[in-house]
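In this chain, residues are counted from 1 in sequence order.
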Amino acid sequence: MIFGLIRFLINQGNYHANEMLFIIFCIIFLFLCIKYMQEDKVVTFSRLEKKQLFQILIFVILDIVFLYIYTSIFKVSSGASSAFVDKRNDGYSFSFILSVAIFSPIEEELCLRGCVQKGTFQNSWLGIVFTSGLFSYLHSPFDAVSFLYYAISGLIYGVSYKLSDNLLVPILCHISYNSFIVFLSLI
């Protein structure tokens with residue numbers, strides 16, 4: 001919450017304002033969060049093994065395919081998707097692209113998968129279900145169909161963490177998925 005509040009104070013929701021300050025703040029803040037969480041052994045990062053690289057690929061493909069099928073059947077609407085469309089109409093700034101594709105996924109995975117799923121629920125299935133619901137709630141869905149859309153995505157990231165026990169796996173899955181969405185919106 002502090003991260004989001006300070007980011008908003010820097011640019012007041014206008015990603016074209018104070019771009020460099022915004023980017024520098026995000027990089028420093030996330031670096032300090034990761035360092036603090038590693039020192040307190042809240043989360044651990046280990047070198048990715050071949051098996052984990054394969055898991056990332058499978059989970060990203062699963063996320064893209066399943067959610068593409070889901071959105072072709074149901075209309076998904078949320079505060080997150082509305083804000084994304086609004087920014088597209090104004091033209092994406094570099095800080096917005098970095099925020100959606102990199103900063104937010106790292107922040108969300110550190111908090112939800114690292115602190116809550118691993119720290120509070122010891123990476124249990126109950127923790128996966130709880131963090132999936134919380135992940136969905138944080139994306140401000142407008143209806144039950146949209147809530148389920150984000151919950152499924154959160155479930156995919158939670159399971160990827162449970163199976164790998166390496167926070168880099170859900171972080172890279174989330175970054176890959178969000179980057180894919182940004183890329184699609186640019187073409």
Side-chain angles (χ1 to χ4, degrees), residues 3-4 7 23-71 80 84 94-139 148-187:
F3 185 57
R7 287 190 310 180
I23 292 168
I24 291 168
F25 168 77
C26 289
I27 291 170
I28 292 170
F29 186 83
L30 287 173
F31 174 78
L32 293 174
C33 284
I34 291 168
K35 189 104 172 121
Y36 173 78
M37 292 174 82
Q38 281 182 310
E39 285 177 4
D40 280 0
K41 302 206 184 335
V42 175
V43 295
T44 57
F45 295 97
S46 57
R47 187 175 186 168
L48 292 171
E49 301 169 2
K50 286 182 186 179
K51 176 184 174 186
Q52 292 169 334
L53 291 171
F54 183 71
Q55 286 175 330
I56 292 168
L57 180 64
I58 294 300
F59 281 111
V60 169
I61 291 170
L62 177 67
D63 204 9
I64 291 169
V65 169
F66 186 78
L67 296 177
Y68 176 77
I69 292 168
Y70 190 87
T71 56
F84 192 74
F94 186 59
S95 63
F96 179 75
I97 291 171
L98 286 177
S99 187
V100 170
I102 298 174
F103 299 146
S104 294
I106 294 171
E107 173 189 358
E108 290 170 2
E109 297 308 316
L110 282 172
C111 179
L112 296 174
R113 260 40 87 188
C115 292
V116 179
Q117 183 177 320
K118 178 79 173 204
T120 303
F121 290 97
Q122 285 72 47
N123 210 3
S124 68
W125 290 105
L126 178 62
I128 293 171
V129 171
F130 181 79
T131 57
S132 297
L134 188 55
F135 178 81
S136 184
Y137 175 77
L138 292 173
H139 286 83
L148 188 58
Y149 169 84
Y150 288 106
I152 290 168
S153 194
L155 186 69
I156 289 170
Y157 302 140
V159 170
S160 74
Y161 187 42
K162 172 104 176 132
L163 295 178
S164 67
D165 202 29
N166 184 347
L167 196 57
L168 283 177
V169 172
I171 287 173
L172 292 174
C173 287
H174 199 159
I175 286 173
S176 298
Y177 178 77
N178 282 19
S179 297
F180 177 75
I181 297 301
V182 169
F183 175 75
L184 282 182
S185 70
L186 290 172
I187 57 173

So, taking the atom named [atom1] in [X] and the one named [atom2] in [Y], what distance separates them when rounded to the nearest 0.5 Å?
X: L134; Y: C111; atom1: CG; atom2: SG; value: 7.0 Å
X: L148; Y: S136; atom1: CG; atom2: OG; value: 8.0 Å
X: E107; Y: L112; atom1: CD; atom2: CG; value: 9.0 Å

Strictly distance-based, threshold 3.5 Å: is any side-chain N or O of [X] a donor or acceptor partner for the main-chain N or O of [Y]?
X: S153; Y: Y150; value: no
X: E108; Y: P105; value: no
X: S132; Y: I128; value: yes
X: Q55; Y: V169; value: no
X: T71; Y: L67; value: yes
X: K162; Y: N123; value: yes

So do [Y] and [X] actually touch side chain to side chain, heavy atoms under 4.5 Å?
X: C173; Y: E109; value: no
X: V182; Y: N178; value: no
X: F59; Y: L62; value: yes
X: D63; Y: H174; value: no
X: V159; Y: W125; value: yes
X: L172; Y: L53; value: no
X: T131; Y: Y157; value: no

Quiz item: Should we say atom CZ of F29 is surrounded by more than 12 heavy atoms from elsewhere, each under 6.0 Å from it?
Solution: yes
Practice problem: Mind running side chain to side chain contact (heavy atoms under 4.5 Å, CB included) on F135 and L155 for me, showing each step along the way? | Solution: CA-CA 9 Å; F135 178 81; L155 186 69; over 6 Å; no
Practice problem: Would you name the heavy atoms of L167 and G114 that are closest together and state the gap between them? | Solution: CD1-N, 3.9 Å
Quiz prompt | Minimum heavy-atom distance between V60 and S176, given as atom pair plus value | solution = CG2-CB, 3.6 Å
Quiz prompt | Chi angles and distances behind the side chain to side chain contact (heavy atoms under 4.5 Å, CB included) call for S160, R113 | solution = CA-CA 10 Å; S160 74; R113 260 40 87 188; over 6 Å; no
